[in-house]
Amino acid sequence: MSLKAIVTGGGSGIGLAAATLLAERGMKVACLDVNPPGEPFIGIKVDVTDDAQVRAAVAEAAERLGGIDVLVNNAGIGAQGTIEDNPDSEWQRVFDVNVFGMVRVARAALPYLRQSEHASIVNTCSIAATAGLPQRALYSATKGAVLSLTLAMAADHVREGIRVNCVNPGTADTPWVARLLDRADDPEGERAALNARQPMGRLVSAEEVAAAIAYLASPEAGATTGTALAVDGGMQGLRLRAPN
Ligand SMILES: NC(=O)c1ccc[n+]([C@@H]2O[C@H](COP(=O)([O-])OP(=O)(O)OC[C@H]3O[C@@H](n4cnc5c(N)ncnc54)[C@H](O)[C@@H]3O)[C@@H](O)[C@H]2O)c1
């Protein structure tokens, strides 16, 4: 019997790559996004900042899929600057998507996940949760919250048979990063700096993050809950000497 998955932010980048891989591995996949993709996915338009829309979208996904076994909580937006650079309204907007959005979708999905024999939630967190990156105060605070939320949810739901884990990507080559580079004064220089920040000397691909998501989402990872899997080119764990 094929598992049923919903992927938020499944219209682009890491979410689309994850949805594609889960479908290739035989899952039925619904993508919930403000800009949802079409076939072969069930695309459902939803803004994760609106609780009524989220509840309706998750119920529709469960109905059309025939249940929910896997939730990939991935929709997220970026923010730049130090704590002096963004007003309260921007802090509220980014937390609303990156943290409260995950809470809303998971809350709506839990009744369906409880019915599953292989229930699993994978949150897309970030290297920004575990390393201090310059000019990312707001974004990093949201991802720090996602990491703690992952651990707390894993504890709350382990006895219900629901696993909760997250992936921590380094800078990934997605449309998001392309937009960031487009806005930079020196896009080539900025790309070179992002590449150099990762010990492997290159950005992570969306497919590499998707592979980690697919592993954590699958019954193969049945003994794994409350973990963060880094997919960051070595950025969190390694301390290299400067090249000669
Ligand atoms: N790209 C990176 O370098 C990187 C690194 C670490 C973590 N991440 C995380 O990965 C996730 C996906 O990022 P990406 O790089 O694939 O970005 P992306 O911009 O390519 O895709 C994000 C998707 O989320 C959707 N989305 C945004 N706001 C939404 C909302 N309110 N409701 C519903 N859908 C919404 C967008 O429409 C888009 O399809 C995010 O959570 C991001 O924080 C990205």
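Values below: every heavy atom of this structure, side chains too, minus hydrogens, waters and symmetry copies. Whatever order the structure lists ligands and atoms in, that order sets their numbers, starting from 1.
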Check ligand 1 for N or O atoms under 3.5 Å from a protein N or O and list each pair with its distance.
{"residue": "ligand 1", "atom": "1 (N)", "partner": "Ala172", "partner atom": "O", "Å": "3.4"}
{"residue": "ligand 1", "atom": "1 (N)", "partner": "Thr174", "partner atom": "OG1", "Å": "3.2"}
{"residue": "ligand 1", "atom": "3 (O)", "partner": "Ala172", "partner atom": "N", "Å": "2.7"}
{"residue": "ligand 1", "atom": "15 (O)", "partner": "Thr174", "partner atom": "OG1", "Å": "2.7"}
{"residue": "ligand 1", "atom": "16 (O)", "partner": "Ile14", "partner atom": "N", "Å": "2.8"}
{"residue": "ligand 1", "atom": "19 (O)", "partner": "Arg179", "partner atom": "NH2", "Å": "2.9"}
{"residue": "ligand 1", "atom": "20 (O)", "partner": "Ser12", "partner atom": "OG", "Å": "2.6"}
{"residue": "ligand 1", "atom": "31 (N)", "partner": "Asp47", "partner atom": "OD1", "Å": "2.9"}
{"residue": "ligand 1", "atom": "32 (N)", "partner": "Val48", "partner atom": "N", "Å": "3.0"}
{"residue": "ligand 1", "atom": "34 (N)", "partner": "Val34", "partner atom": "N", "Å": "3.4"}
{"residue": "ligand 1", "atom": "37 (O)", "partner": "Asp33", "partner atom": "OD1", "Å": "2.6"}
{"residue": "ligand 1", "atom": "39 (O)", "partner": "Asp33", "partner atom": "OD1", "Å": "3.3"}
{"residue": "ligand 1", "atom": "39 (O)", "partner": "Asp33", "partner atom": "OD2", "Å": "2.6"}
{"residue": "ligand 1", "atom": "41 (O)", "partner": "Asn74", "partner atom": "O", "Å": "2.8"}
{"residue": "ligand 1", "atom": "41 (O)", "partner": "Lys143", "partner atom": "NZ", "Å": "3.0"}
{"residue": "ligand 1", "atom": "43 (O)", "partner": "Tyr139", "partner atom": "OH", "Å": "2.7"}
{"residue": "ligand 1", "atom": "43 (O)", "partner": "Lys143", "partner atom": "NZ", "Å": "3.0"}

Distance-only donor-acceptor pairs under 3.5 Å for side chains of residues 94-102, two or more places apart:
{"residue": "Asp96", "atom": "OD1", "partner": "Arg104", "partner atom": "NH1", "Å": "3.1"}
{"residue": "Asp96", "atom": "OD1", "partner": "Arg104", "partner atom": "NH2", "Å": "2.7"}
{"residue": "Asn98", "atom": "OD1", "partner": "Ile77", "partner atom": "N", "Å": "2.8"}
{"residue": "Asn98", "atom": "ND2", "partner": "Ile77", "partner atom": "O", "Å": "2.9"}
{"residue": "Asn98", "atom": "ND2", "partner": "Thr142", "partner atom": "OG1", "Å": "3.1"}

*Using distance alone, with no hydrogens and no angle criterion, decide if Thr227 and Asn165 have a side-chain donor and acceptor under 3.5 Å apart.*
yes
Residues 129-139, side-chain donor-acceptor partners within the protein, below 3.5 Å, at least two apart:
{"residue": "Thr130", "atom": "OG1", "partner": "Ile127", "partner atom": "O", "Å": "3.3"}
{"residue": "Thr130", "atom": "OG1", "partner": "Gln236", "partner atom": "OE1", "Å": "2.8"}

Tell me which donor-acceptor pairs under 3.5 Å the side chains of residues 171-194 have, and how far apart each pair is, sequence neighbours excluded?
{"residue": "Thr171", "atom": "OG1", "partner": "Arg197", "partner atom": "NH2", "Å": "3.0"}
{"residue": "Thr174", "atom": "OG1", "partner": "Trp176", "partner atom": "N", "Å": "3.3"}
{"residue": "Asp186", "atom": "OD1", "partner": "Gly189", "partner atom": "N", "Å": "3.0"}

*asked:* Taking the side chain as everything from C-beta on, heavy atoms only, tell me whether Ile44 gets closer than 4.5 Å to Arg64.
replied: yes
*Within the distance-only criterion (no hydrogens, no angle test), does the side chain of Asn123 pair as donor or acceptor with the backbone N or O of Val72 below 3.5 angstrom?*
no
